2 protein chains.
Amino acid sequence: MKNYISILKRTSLFSGVAEDDILSMLSCLGARLSSYKKGEYVFCQGEHLRDITVLVEGSLHIQNDDYWGNRSILSTISVGEMLGEAYVAPESGAFPNDVIAMEDSVVIFLDVHRMLTTCSSACRFHAMVVQNMFFTISEKNRRLVQKLGHMSKRTTREKLISYLSEEAKRCKSQSFSIPFNRQQLADFLSVDRSAMSNELCKMRDEGLLEFEKNQFKLL
Amino acid sequence: MKNYISILKRTSLFSGVAEDDILSMLSCLGARLSSYKKGEYVFCQGEHLRDITVLVEGSLHIQNDDYWGNRSILSTISVGEMLGEAYVAPESGAFPNDVIAMEDSVVIFLDVHRMLTTCSSACRFHAMVVQNMFFTISEKNRRLVQKLGHMSKRTTREKLISYLSEEAKRCKSQSFSIPFNRQQLADFLSVDRSAMSNELCKMRDEGLLEFEKNQFKLL
DNA sequence: ACAAATCGGTTGTTTTTACAACGAAAAGGA
DNA sequence: TCCTTTTCGTTGTAAAAACAACCGATTTGT
C-alpha cells in the first residue's frame with residue numbers, strides 16, 4: 001500500500017492532503033489493494049458496489065456489450081482516477097457496466113460510508129476529502145455531458161470532429177494521442193469501425209487532419 | 001421564500017432536514033429566489049456559475065443548439081431537482097448549455113462554497129446536506145450514464161425502445177407519460193422527428209406499444 | 001370566433017451508415 | 001524466425017436515417 005502513497009497524493013481525491021495523513025486515512029477508510037491481469041474483469045454488470053475504487057496502476061475501460069455483441073465504451077480510467085463513486089449511494093441500483101483491465105492494473109478500494117461520516121481520528125481531512133470527492137464526481141459529470149455532446153452529433157464525421165477537437169482542447173495542442181485503437185474509438189463513439197475508418201481517411205485526404213496510429217494532428 | 005419550504009423539504013438535497021432547520025440554513029447559504037416566464041433563459045451557454053440552483057416551481061430543459069440549429073435536449077428538470085452543481089467547482093469551466101423555462105418557473109440559488117465549508121450555526125445539518133448533495137450528484141451521474149445507454153444504440157427504433165422501457169421501469173408500470181412532445185423527444189434522443197414519428201407508428205402497428213400524445217403503454 | 005401557430009403523421013428522395021468481406025501491414029508469441 | 005493474430009484501410013451492397021415538403025387536427029392568442 002505504501003508504494004502507492006505518492007500516486008494517491010496526486011489524485012484529485014486526496015488533493016491537498018499530506019502523505020502522512022493519507023496513510024492514516026487509508027486504514028481509517030478500510031483500504032484494500034487488488035490486482036488484475038490485462039483483460040480481467042474488475043467489476044461485472046449487475047454487481048452492487050459498496051466501495052469507491054481508485055486506480056493506482058494500469059488502465060481500465062468501462063464498457064457495455066449488448067445482446068447482439070455491440071460494444072460501447074463509456075469511458076477510460078487512467079492512473080489516479082476514481083471509479084464507481086456514483087453507485088455507492090444506498091438508493092442506487094447495481095453497477096450497469098463491465099470494468100475491464102486494459103493492461104495489468106492495481107486498484108485500491110475505500111469504504112465510502114466511513115468517508116462520508118466523519119470519524120474521530122482525522123476529521124480535518126475528512127472534510128477536505130469529502131469536498132474533493134464532490135469536485136471529482138462533478139468532473140466526471142462534466143465529462144459525461146461532453147461525451148453526450150459527441151454522441152448527439154448525427155453523422156460519424158461530426159462525432160469525430162467533436163471528439164477530436166475536444167481532445168485537442170484538453171491537451172492544449174493540435175497534436176495529441178488518444179487512448180483507443182480504431183475499434184475502440186468506434187466503440188466509444190458508437191459507430192461502425194469501417195465506416196469511421198473510411199471517414200477518417202476522407203478527412204485526411206481533405207486536409208482536415210493527419211494521423212498515424214493513435215496519434216492525431218488537427219489542421 | 002417561506003412558501004417553498006415544504007417543497008424544499010421533499011427535495012433530495014434537504015432530505016432528512018426539518019423545516020425549521022431548512023429555513024435557518026437558507027439564510028446561512030445566502031439563498032436567493034428568482035422567477036422566469038415560460039420560454040425565458042435561466043442560464044445561457046458560457047455563463048460561469050457560482051451557485052447551485054434548485055427548481056421549486058415549473059419545469060426546465062437543459063439543451064444545446066449547434067451552429068446548424070440542431071437542438072439536443074440533455075435533460076429535463078422538474079420541481080425539487082438540483083441544477084448546475086457540476087459547474088460550481090473552481091476548476092470547472094463555463095456552463096456549456098442553455099437552461100430554458102418550459103413553463104413559468106421559480107428557482108432558488110444557494111451558495112455552494114458556504115455549503116461545502118461548514119459554518120458555526122447549523123453544522124450538524126451541513127454534514128447531512130453535503131452528503132445529500134453527493135448522493136444527488138451521484139444520481140445525476142447515473143442518469144447521464146443511462147442516457148448514454150440510449151444514445152449509444154445505433155437505430156432510432158433501438159433508441160426508442162431503450163428510452164421507453166427505462167421510463168416504464170422507472171414508473172414501475174407499462175403505462176406512463178413522458179415530459180416531451182414528439183419534437184422534444186427527437187431532440188432528446190438526437191434523431192430526426194419525422195423518422196422517429198414514422199418508427200413509432202410502425203412499432204404501434206407491430207403491436208409493440210400504444211400511445212396517445214405523450215402517454216405511452218408498452219405491450 | 002377566427003386567424004395563426006403548433007403538433008403529429010405521411011411520403012419520397014438523397015445521404016449516410018451498417019454490415020460483410022477481403023487484403024496488406026504490423027504486432028505478438030512460440 | 002515463422003506463424004498466428006490483430007489492426008487498419010478499402011470496397012460494394014443493403015438498410016436506415018436525414019431532409020424536405022405537405023396535410024389535417026389541435027391548440028393558442030386576440
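Since the structure is predicted, the reported quantities are computational estimates derived from the model, not experimental observations. All chains are named by letter (A, B, ...) in the order of the sequence lines, taking the proteins before the strands, and each is independently numbered beginning at 1.
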Output the rounded distance in Å from [atom1] ([X]) to [atom2] ([N]).
| X | N | atom1 | atom2 | answer |
| --- | --- | --- | --- | --- |
| Asp187(A) | dC8(D) | CG | P | 12 Å |
| Glu199(B) | dA18(D) | CD | P | 11 Å |
| Glu210(A) | dG9(D) | CD | C1' | 18 Å |
| Arg204(A) | dC8(D) | CZ | C1' | 11 Å |
| Asn70(A) | dA16(D) | CG | P | 14 Å |
| Arg154(B) | dA17(D) | CZ | P | 13 Å |
| Lys202(A) | dT10(D) | NZ | P | 11 Å |
| Met203(A) | dG9(D) | CE | P | 13 Å |

Just compare [options] and give me whichever is closest to any side-chain atom of [X].
| X | options | value |
| --- | --- | --- |
| Ser197(B) | dT10(D), dA18(C), dT10(C) | dT10(C) |
| Val191(A) | dA18(D), dA18(C), dT17(C) | dA18(C) |
| Asp192(A) | dT10(D), dA18(C), dA18(D) | dA18(C) |
| Ala195(A) | dT17(C), dC19(D), dA27(C) | dT17(C) |

Give a yes-or-no answer on whether the side chains of Thr136(A) and Glu139(A) include a donor-acceptor pair shorter than 3.5 Å. no
If only side-chain N and O atoms count, and only distance matters, is there a donor-acceptor pair under 3.5 Å linking Tyr163(A) with Gln146(A)? no
Cationic N near anionic O, under 4.0 Å, Glu210(A) to Lys217(A): no
Please classify the nucleic acid contact of Phe211(A) as base, sugar-phosphate, or nothing, using heavy-atom distances under 4.0 Å. sugar-phosphate
With sugar-phosphate meaning primed atoms plus P, OP1 and OP2, does Glu212(B) contact a base, only sugar-phosphate, or nothing at under 4.0 Å between heavy atoms? nothing
Examine [N]: is either OP1 or OP2 under 4.0 Å from a nitrogen or oxygen in the side chain of [X]? Give yes or no.
| X | N | value |
| --- | --- | --- |
| Thr155(A) | dT16(C) | no |
| Arg182(B) | dG9(C) | yes |
| Lys159(B) | dA17(D) | no |

Does Asn181(B) or Arg193(A) map to a spot on DNA chain C nearer the 5' end, using the closest nucleotide for each? Asn181(B)
Is it true that the NZ or CZ of Lys147(B) lies under 6.0 Å from the centre of Phe188(B)'s six-membered ring and within 45 degrees of the ring axis? yes
ring-ring contact (aromatic ring centres under 6.0 Å, His included) filter on Tyr87(B), not counting sequence neighbours, yields Phe95(B)
